[in-house]
2 protein chains.
Amino acid sequence: MRPRLQDVADRAGVSMKTVSNVINGYVHVSEAMRAKVLAAIDEVGYEPNLSARNLARGRAGMIALVVPQLDMPYFASLSMHVLEAAEKQGWVVLIQQTRGDAEKERAVLAGRFGQRVDGIVFSPLRVGTDEIRQRRDRTPLVLLGERPVDGVADHVVIDNVAAADLAVSHLLDLGRRRVAMIGGPVGSTGTHRSEGYAAALTRRGIAVDPDLVVPVHSNRGEEGEAAMDAMLARLDTPPDAVFCMTDWVALGVIRSLHLHGLRVPDDVAVVGFDDIPYSTASTPTLTSISPDRAAVAREAVASLAAQQKGEHEPREIEVGFELVVRESTAGGAGLRRPAGR
Amino acid sequence: MRPRLQDVADRAGVSMKTVSNVINGYVHVSEAMRAKVLAAIDEVGYEPNLSARNLARGRAGMIALVVPQLDMPYFASLSMHVLEAAEKQGWVVLIQQTRGDAEKERAVLAGRFGQRVDGIVFSPLRVGTDEIRQRRDRTPLVLLGERPVDGVADHVVIDNVAAADLAVSHLLDLGRRRVAMIGGPVGSTGTHRSEGYAAALTRRGIAVDPDLVVPVHSNRGEEGEAAMDAMLARLDTPPDAVFCMTDWVALGVIRSLHLHGLRVPDDVAVVGFDDIPYSTASTPTLTSISPDRAAVAREAVASLAAQQKGEHEPREIEVGFELVVRESTAGGAGLRRPAGR
DNA sequence: ATGAAAGCGCTAACAA
DNA sequence: TTGTTAGCGCTTTCAT
């Protein structure tokens, strides 16, 4: 049978309380006592029973991570980091997928997890500020992603305007002038990346050309490909650069360009967003905005911990990002390998 | 405060036991009683406390899923399915990553999770049959992946020999004769995919050419690219087809071929293994062996459930797969789009 | 600084 | 068929 706290106490010749004190790092324990207890723990091979601990502490011991889909590489990578950050707080992570379904997203806000979890890290695709504001569930919540939340809950983000601006400026620095965007539309409220796109162009005195902007309704490669197909069919002269909302979309865009006989980056330079693992395996490798995912995860978990301790002023938490330049903007004929690889 | 079982009982005017019976689907409950209790549950908004339930039941309520890396798309996708299958058994999934580190893999066998979990789904990259046989931890264990396990534990797999055979036969059916393999080596014990490769060639009277086989030491795209570079540097005539151990490796191989001025599939057809989500976004889209991941996950979780109920004859559990044909073997100049997309 | 004992919310003998 | 009650293993007042 598995050793319990009492077994350790018996072995060390002390009470359960003392063992508990040692385990939980209570300060007022003599060094000798601590050593004796630790030895006993080691001898009997004690491991705390988390169900019992959580029951006694009145917490669930787990948090929910709600993402659109785990097999979307950005979220896979993000989840990885959340798992690591949560583990340090003694939390197990219950991953839930919404598959971009508005109903499922609403269920999260409605308390679908009941009080089963100590907190929720939520990356919404559909629900907006109003729905979030009106939620009744009191479970600590932290939001991720580009959608604005107007201070209704903690929100961990990168500065999407600045990031998009940086990506587009990079294209302009390369001498490109007809810079398209897949994934807009420009001007609709809250699309920060579109804002950065427009800002970068405007600063150089280039007007935003609506013909060079095609919105997509999901982040899938297929959508990106179709969008690029549509744009090319419509234009007499193709763009000389494309800024894509996500890397996955960018991969589809590159497919489309390739199938239309356009070379990347020679004819058209392409920048993505997210820096998914595949950006180094694609042909050409993909220039992309790389958000500091580890920081996103860390801040999200820290937010939940703070909320659990009573903190309750919703905060906007900003984390870093960088532009990683690879072949899709820097290569010659797709045959050179830049250092960034 | 969160409603408890007692609150439901009070509301319904019955005892806790009756409520518990209803919740746990005990058979001998009158319809009227059941309805009354369900109504009460609904009225007070009761949700069971899992810590308490698990403590009382003497189980942890969670299983561990140990994979090399969650942001490798095959494992991301697999994890997604495991989450779903486990949820149906009332299990939360604690995902752990080994990053292919032999030490971490051994820690899993040594009981790093203590008795913290009710079972372990383990996808090993390094540890072998012997180490698994010698483990002392009694936690139910089920293994995934190609590595053979000689009946030391439950093992969920596809028939890797048949799958590789199918992939290579497909290449031969296309008229290719110099079929290379990235990820061997042929003949080393237990590499089922290599076996299938050799079998398909032999059946057609083609000898395995050692010059056309290059092993890789990880499944990363970079490795595949380097391996293909090496092969091309060595050969006077390039192969006309390549069978790759994984899709990720295949992406790297395609990069290498492209950078050497070889067209896929015109000059060289490429088949991957795993059918990761990106195989439809790459240029060209990737022909691949697609294991029935949902079945893998389902069987793995079922295995743990069976072991927990006392079953203990290690079983080899086989699940299905299929070959998905896409542009990397079927396209013309990479410009045609086959129906398989 | 350490010990004794009362819960945490649920399940499952055992009774009725 | 339904009720009573003793744990499950841990934390945590409250004493000492």
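Convention: sequence-line order gives letters A, B, ...; per-chain numbering from 1.
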**Residues which pass salt bridge (charged side-chain N to carboxylate O under 4.0 Å, His left out) with B:Arg136, listed by chain and number, not counting sequence neighbours** = none

**Item:** salt bridge (charged side-chain N to carboxylate O under 4.0 Å, His left out) partners of residues 36-46 of chain B, not counting sequence neighbours, each pair once
**Value:** B:Arg11-B:Glu43

**Fill in**
Applied to residues 12-33 of chain A, the salt bridge (charged side-chain N to carboxylate O under 4.0 Å, His left out) test, sequence neighbours excluded, yields A:Glu31-A:Arg34

**Prompt:** Can you tell me how far P of C:dT11 sits from CG of B:Leu55, to the nearest Å?
**Reply:** 11 Å

**Asked** Among all residues two or more places apart in sequence or in another chain, which pass the side-chain hydrogen bond (donor to acceptor under 3.5 Å, both in side chains) test with B:Gln134?
**Response** none

**Prompt:** Would you call B:Arg99 and A:Glu84 a salt bridge, using N to O less than 4.0 angstrom?
**Reply:** yes

**Complete:** Heavy-atom closest pair (B:Arg135 atom, B:Leu109 atom, distance to 0.1 Å) is CB-O, 3.7 Å

**Complete:** Under a 4.0 Å heavy-atom criterion, DNA chain D is touched by chain A from D:dG9 to D:dT13

**Request:** Using a heavy-atom cut-off of under 4.0 Å over every strand shown, decide if B:Asn54 touches base, sugar-phosphate, or nothing.
**Result:** nothing

**Set of residues satisfying salt bridge (charged side-chain N to carboxylate O under 4.0 Å, His left out) with respect to B:Glu318, sequence neighbours excluded** = none

**Fill in**
Atom CG of B:Asn49 and atom C1' of C:dT11 are separated, to the nearest Å, by 13 Å

**Request:** Starting from C1' on C:dC10, measure out to CG on B:Asp7 and report it in whole angstrom.
**Result:** 13 Å

**Partner set under side-chain hydrogen bond (donor to acceptor under 3.5 Å, both in side chains) for B:Thr98, not counting sequence neighbours** = none

**Message:** Suppose we screen for salt bridge (charged side-chain N to carboxylate O under 4.0 Å, His left out). Which residues come up paired with A:Arg126, at least two apart in sequence or across chains?
**Reply:** none

**Residues within residues 32-43 of chain A bordering DNA chain D, heavy-atom distance below 4.0 Å** = none

**Prompt:** Which of residues 12-20 of chain B sit near DNA chain C, with a heavy atom under 4.0 Å from it?
**Reply:** B:Met16, B:Lys17, B:Ser20

**Phosphate-side-chain proximity, A:Asn21 and C:dA1, N/O vs OP1/OP2 below 4.0 Å** = no

**Message:** Among residues at least two apart in sequence or on other chains, which ones pass side-chain hydrogen bond (donor to acceptor under 3.5 Å, both in side chains) with B:Asp159?
**Reply:** none

**Request:** Starting from C1' on C:dA12, measure out to CZ on B:Arg53 and report it in whole angstrom.
**Result:** 13 Å

**Prompt:** Which whole-number value in Å describes the distance from B:Arg4 CZ to C:dC10 C1'?
**Reply:** 11 Å

**Message:** Between P on C:dT2 and CD on A:Gln6, what's the gap in Å once rounded to a whole number?
**Reply:** 17 Å

**Partners meeting salt bridge (charged side-chain N to carboxylate O under 4.0 Å, His left out) with A:Asp274 (sequence neighbours left out)** = none

